[in-house]
Amino acid sequence: MKRICVFCGSSPGTDPAYTATARQLGILLAEKKITLVYGGAKVGLMGHIAKSVLEAGGRVTGVIPKKLYEKEVAFTEISDLRVVGSMHERKALMAELSDGFIAMPGGLGTVEEFFEVLTWAQLGLHRDPCGLLNVKGYFDRLIGFIDHIAGQQFLDSEHRGMLLEDEDPLSLLDKFEKYTPPKADKASWALKLENNI
Ligand code: AMP
């Protein structure tokens with residue numbers, strides 16, 4: 001893995017553990033010579049992770065839409081800041097540039113961005129690992145809901161297995177390295193279910 005995309009909050013959240021873990025992940029990426037791809041902002045957890053990668057001597061690529069350049073305070077000190085026309089372009093470029101996707105604690109934007117790449121994996125549009133960095137159980141209820149989705153047969157166990165999770169950044173990266181994508185895409189599974197095969 002050469003580049004990992006991290007989706008995370010444009011706010012820091014309430015628990016200092018969120019910031020501390022963002023910094024821990026940033027240092028780890030720098031040590032492993034993995035470029036951080038992220039939303040290009042200076043605010044919130046986004047800012048913390050980018051700063052920690054730079055301080056540890058690593059590389060950062062930021063992708064920010066023109067309209068958010070001022071609002072999210074673009075991190076102009078990073079060497080590779082790409083300014084794009086829209087949110088859709090931002091997500092497409094982040095996906096194109098990355099070989100793995102992590103969501104850290106964050107808000108609606110974080111969840112939206114992560115689930116888009118996860119659904120692209122489910123459709124077989126990419127084969128890269130996707131994981132939740134579950135700091136202090138932040139995503140527990142979301143993971144519980146995904147298990148509910150699987151329990152109700154809207155998601156098969158092979159695709160449920162695509163969602164990696166760990167509370168520790170290093171263990172999550174280990175899971176990324178060992179990850180094998182599912183053989184079948186979601187459409188073939190849905191068709192099998194429909195035909196009772
Ligand atoms: P949040 O998790 O809500 O703090 O947002 C994290 C990042 O996601 C910020 O950079 C937001 O601009 C971005 N974001 C919010 N909504 C979307 C969306 N629909 N598509 C792409 N990025 C988004």
Side-chain angles (χ1 to χ4, degrees), residues 3-26 29 34-54 58-123 125-126 128-146 163-167 169 172:
R3 299 195 238 202
I4 288 189
C5 177
V6 179
F7 303 120
C8 59
S10 52
S11 319
T14 51
D15 197 316
Y18 303 144
T19 308
T21 312
R23 299 192 71 85
Q24 206 187 332
L25 176 60
L29 292 176
I34 297 171
T35 300
L36 167 72
V37 177
Y38 87 116
K42 213 172 188 173
V43 293
L45 290 192
M46 297 169 88
H48 281 287
I49 190 165
K51 277 176 217 158
S52 65
V53 174
L54 291 181
R59 297 161 69 96
V60 178
T61 296
V63 185
I64 194 159
K66 249 183 272 158
K67 280 199 176 148
L68 287 183
Y69 192 91
E70 305 265 307
K71 232 187 204 167
E72 289 192 344
V73 197
F75 199 164
T76 46
E77 291 90 330
I78 59 178
S79 56
D80 187 16
L81 181 66
R82 322 257 180 121
V83 183
V84 294
S86 67
M87 290 295 213
H88 286 112
E89 282 178 41
R90 177 196 236 178
K91 287 188 291 187
L93 184 58
M94 287 166 101
E96 190 189 312
L97 290 174
S98 312
D99 355 273
F101 303 88
I102 293 177
M104 287 210 57
L108 298 178
T110 301
V111 172
E112 195 276 340
E113 291 172 315
F114 181 73
F115 275 95
E116 182 166 77
V117 288
L118 191 61
T119 55
W120 287 355
Q122 183 181 241
L123 293 171
L125 301 178
H126 70 79
D128 305 325
C130 299
L132 296 171
L133 185 49
N134 194 16
V135 185
K136 285 199 157 177
Y138 180 77
F139 290 114
D140 282 354
R141 275 166 285 183
L142 186 67
I143 294 167
F145 180 65
I146 291 165
L163 177 64
L164 307 177
E165 63 206 67
D166 209 289
E167 60 183 352
L172 186 61

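In this text the structure is predicted, and so the values were computed from the model without any measurement. Whatever order the structure lists them in is the order used to number ligands and atoms, beginning at 1.
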Residues in side-chain contact (heavy atoms from CB on, under 4.5 Å) contact with Pro12, at least two apart in sequence or another chain:
Thr19
Tell me whether Glu89 at atom CD has more than 12 heavy atoms from other residues, nucleotides or ligands lying less than 6.0 Å away.
yes
Taking the side chain as every heavy atom from C-beta outward, state whether Leu97 and Cys5 have any pair of such atoms under 4.5 Å apart.
no
Would you list the pairs meeting ring pair (Phe, Tyr, Trp, His ring centres under 6.0 Å) in which at least one residue belongs to residues 66-93, sequence neighbours left out?
none
Pairs in or reaching into residues 70-79: which pass salt bridge (Lys or Arg N to Asp or Glu O under 4.0 Å), with residues at least two apart or in two chains?
Lys42-Glu77, Glu72-Arg90
Ring-plane angle category for Phe114 and Phe7, please: parallel below 30°, perpendicular beyond 60°, tilted otherwise.
perpendicular
Run through ligand 1 for me and note each protein residue having a heavy atom under 4.0 Å from it, chain first, then residue number.
Cys8, Gly9, Ser10, Met46, Leu68, Glu72, Met87, Arg90, Lys91, Gly106, Gly107, Leu108, Gly109, Thr110, Glu112, Glu113
